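Please read these numbers as outputs of a predicted model, since none were measured by experiment. Order of appearance sets the numbers: ligands from 1, and atoms from 1 within every ligand. Computation of the quantities below employed the complete heavy-atom set of this structure, encompassing side-chain atoms and omitting hydrogens, waters and symmetry-equivalent molecules.
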Amino acid sequence: MQKIDFIIVGQGLAGSILALDLLKLNKSVLIIDNATLSKSSRVAAGIYNPIVFKRLTQSWMADKTLPVMFDFFKEAEKLFNTKLIYPTKIARVFASGEEEALWKKKAVNELSDFIEAEVHSPSGEYAFLHNNYGFVSQAGYIDVTGFLSHTLSYLEQHKAYLNETFSYEDIAINGYEITYKDYSCSKLIFCEGHLATKNPFFKELKFKPAKGEVLTIYCEELNTTSILNKDFFILPLPEAHHFKVGATYNWDDLTDTISNEAKQTLTDKLNALLPFSYKVINQQAGVRPATIDRRPVMGNHPTHKNMFLFNGFGTKAVMLVPYFSKHFCSFIENKSELFRDIDVKRFYA
Ligand SMILES: Cc1cc2nc3c(=O)[nH]c(=O)nc-3n(C[C@H](O)[C@H](O)[C@H](O)COP(=O)(O)OP(=O)(O)OC[C@H]3O[C@@H](n4cnc5c(N)ncnc54)[C@H](O)[C@@H]3O)c2cc1C
């Protein structure tokens, strides 16, 4: 029997970031993952955006989560000797004169750290737009796929990765020790994304998963260097004239299968905005592990105190996971309590 401090189930963004933080704390870790089961992190655009456009407010805790996100991914860039952070402004195309007026007001008040006060009319690389636009300055994207594959190699080098489907029936709990097949650990942490809905130990959780789809397009005439946002996004990729376009929301079909409806929705939006021809060269789908109150969820099992979950990162995961991984590590080390908003206990009350 091999003894390990932590077994983590799932190598999406949640499991990966948590594993790296625990390894940094000199803990021994084993991640068990079957990457073919759920693709949310692998299809995510990885955009970080401190603004909620619908209400033009700061995104939940962005002032706290953004600095931790930068620190985490800068360290990961050094560890893996690769580029992961792509600072890229977001050009928000205003839907109305009211939105533009509110933007100008908030840019010199509560959102001055995040958005620029100057409003632009269509010109230069944005000459094809019909409406004015403003820039979110502290924005960009993380190369999530690159991060996950570097993390996987790193875990393999440290003999901390097992490629298999975790079977819940193979868990045995003996007081403060949990065994799984040939492994024994003092703490077991579930990070299965939306497949947590199949976890028999955390049945009370209230998830509201949302399928999302994205396209990759090639457009010779589009030369935008910022992420365009209207009621969808067009993200310029490092490869010339390649863009990621997304994303859709579907709460009924919770499969990772791409659909014609999503392709149609996104191409309709593209056709309404772009006067250029383009080619769709890829389409991907994943299911976001969102909760009913749209907050992350973490903590331990009500009876098995050394069994935990770290989940619920349905949106804004690249900003939230690094911050909450540190918060969660401090909790499992008995150094602090969890914030009430994200504690799993809110679903047991
Ligand atoms: C289309 C789309 C676009 C998005 N865009 C953005 C964005 O721009 N910015 C942003 O911040 N967020 C975005 N997100 C959201 C976000 O990235 C994800 O919700 C988040 O990464 C979820 O990570 P996770 O680790 O919790 O889950 P997952 O990525 O689903 O990872 C869970 C892992 O656990 C594995 N697993 C599950 N059960 C088992 C089992 N029994 N045995 C073994 N392995 C198992 C799965 O296969 C998977 O590898 C987007 C999501 C989607 C779908």
Problem set entry | Distance-only donor-acceptor check, side chains Ser16 and Gln11, under 3.5 Å | yes

Give every donor-acceptor pair under 3.5 Å between a side-chain atom in residues 52-63 and any protein atom, sequence neighbours left out.
unit_1: Gln58; atom_1: NE2; unit_2: Asp63; atom_2: OD1; d: 3.1

Exercise. Are Asp5 and Ser28 linked by a side-chain donor-acceptor pair shorter than 3.5 Å?
Worked result: yes

For this session: Would you check whether Lys39 reaches within less than 4.0 Å of ligand 1, judged by its heavy atoms?
Result: no

Problem set entry | Proximal atoms of ligand 1 relative to Gly193 (non-hydrogen, under 4.0 Å) | 26 (O), 27 (O), 30 (O), 32 (C)

Problem set entry | Nearest option to atom 23 (O) of ligand 1, as decided by whichever heavy atom of Ser41, Ala262, Gly46, Pro289 sits closest | Ser41

Exercise. Short list, please: which atoms of ligand 1 are under 4.0 Å from a heavy atom of Gly212?
Worked result: 1 (C)

Exercise. Do ligand 1 and Thr36 have nitrogen or oxygen atoms that lie under 3.5 Å from each other?
Worked result: no

For this session: Number the atoms of ligand 1 from 1 as they appear, then name those within less than 4.0 Å of a heavy atom of Ala44, with their elements.
Result: 3 (C), 4 (C), 5 (N), 6 (C), 13 (C), 14 (N), 17 (O), 50 (C)

Exercise. Can an N or O of Phe313 be found at a distance shorter than 3.5 Å from an N or O of ligand 1?
Worked result: yes

Exercise. Do ligand 1 and Ile47 have nitrogen or oxygen atoms that lie under 3.5 Å from each other?
Worked result: yes

Exercise. Where does the angle between the aromatic ring planes of Phe201 and Phe190 fall among parallel (under 30°), tilted (30 to 60°) and perpendicular (over 60°)?
Worked result: parallel

For this session: Output yes when the distance from some N or O of ligand 1 to some N or O of Asp33 is under 3.5 Å, and no in every other case.
Result: yes

For this session: Answer yes if the ring centres of Phe6 and Phe308 are under 6.0 angstrom apart, and no otherwise.
Result: no

Exercise. Got an N/O contact under 3.5 Å between Leu195 and ligand 1?
Worked result: no

Exercise. Looking only at N/O atoms, are Val214 and ligand 1 under 3.5 Å apart anywhere?
Worked result: no

Exercise. Any nitrogen or oxygen of His194, main chain or side chain, under 3.5 Å from a nitrogen or oxygen of ligand 1?
Worked result: no

Problem set entry | Contact check: Ser40 vs ligand 1, nitrogen or oxygen atoms, below 3.5 angstrom | yes

For this session: Would you mind checking which non-hydrogen protein atom is closest to atom 10 (C) of ligand 1, with the distance to 0.1 Å?
Result: Ala317 N, 3.5 Å

For this session: For the residue pair Thr225 and Glu125, confirm or rule out a side-chain donor-acceptor distance under 3.5 Å.
Result: yes

For this session: Report yes if the side chains of Thr151 and Ile17 come closer than 4.5 Å at any heavy-atom pair, otherwise no.
Result: no

For this session: Identify, by atom number and element, the atoms of ligand 1 in contact range of Ala14, meaning under 4.0 Å from any of its heavy atoms.
Result: 25 (O), 26 (O)

Exercise. Going by the atom numbers of ligand 1, which of them fall below 4.0 Å from some non-hydrogen atom of Gly286?
Worked result: 53 (C)

Problem set entry | For ligand 1, the portion of Cys191 having any non-hydrogen atom under 4.0 Å away | backbone

Exercise. Going by distance alone, is a donor N or O of one side chain under 3.5 Å from an acceptor N or O of the other, for Tyr126 and Ser226?
Worked result: yes

Problem set entry | Summary of side-chain hydrogen bond (donor to acceptor under 3.5 Å, both in side chains) pairs that have at least one residue in residues 288-304, sequence neighbours excluded | Thr291-Asp293, Asp293-Arg346

Exercise. Is Lys89 salt-bridged to Glu116, going by a charged N under 4.0 Å from an acidic O?
Worked result: yes

For this session: From the options Lys316, Arg288, Gln284, select the one whose nearest heavy atom is closest to atom 52 (C) of ligand 1.
Result: Arg288

Exercise. If you measure from each heavy atom of Met319 to ligand 1, is any distance below 4.0 Å?
Worked result: no

For this session: Compute the ring centroids of His327 and Phe331, then answer whether they are less than 6.0 Å apart.
Result: no

Seminar exercise, completed: The closest protein heavy-atom partner of atom 30 (O) of ligand 1 is Ser38 OG, 2.7 Å

Problem set entry | Pair Phe243 + Tyr278: ring centers closer than 6.0 Å | no

For this session: May I ask you to identify the nearest protein heavy atom to atom 34 (O) of ligand 1, giving residue, atom name and distance to one decimal place in Å?
Result: Gly10 CA, 3.1 Å

